[in-house]
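Heads up, the thing below is written out as structure tokens.
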Amino acid sequence: MTVAMRDLLVVGGGPAGLRAAVEATARGLSTVLVDEGPEPGGQIYRSAESGPFSGGQRLGPDYA
């Protein structure tokens, strides 16, 4: 297995981690984002379809 070096490792694919990875990449850093979940979004969006904020009414247009 070959391991590529990166400038930045972002741990966590929640909203803050996603934003950090986007900003770092926009500034020219070679970035890798890792998260234990199968999809990005983190805790804030987990169970959003079935929880008290289902349907995105309270989460706003960014969630939709």
Side-chain angles (χ1 to χ4, degrees):
M1 176 168 72
T2 303
V3 177
M5 296 299 293
R6 300 286 191 256
D7 297 318
L8 179 66
L9 168 66
V10 178
V11 178
L18 291 170
R19 184 63 181 189
V22 167
E23 289 295 323
T25 301
R27 288 170 169 68
L29 295 176
S30 173
T31 306
V32 63
L33 182 136
V34 296
D35 190 274
E36 68 180 347
E39 296 180 10
Q43 294 291 334
I44 192 166
Y45 294 129
R46 194 165 293 153
S47 300
E49 293 300 321
S50 61
F53 303 114
S54 63
Q57 298 95 337
R58 295 186 186 168
L59 294 175
D62 288 339
Y63 175 73

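Bear in mind the structure is a predicted one, so any value in this text is a computation, not a measurement.
Residues Gly13 and Asp35 share a closest heavy-atom pair of N-OD2, 2.6 Å. A pairwise comparison of heavy atoms in Gly28 and Asp7 identifies O-OD2, 4.3 Å as the closest pair. When all heavy atoms of Gly12 and Leu33 are compared, the pair lying nearest together is O-CD1, 3.8 Å. When all heavy atoms are compared, the tightest approach of Val32 to Arg6 is CG1-CG, 4.0 Å.
A 4.5 Å side-chain heavy-atom check between Leu9 and Val34 finds at least one atom pair inside the cut-off.
Put simply, the side chain of Thr25 never gets that close to the backbone of Glu23: no donor and acceptor are under 3.5 Å apart.
By the 6.0 Å contact criterion, CZ on Arg19 is open, its count of non-hydrogen atoms from other residues, nucleotides or ligands being 12 or less.
Atoms CG and CG, from Leu29 and Leu8 in turn, are 6.0 Å apart once rounded to the nearest 0.5 Å.
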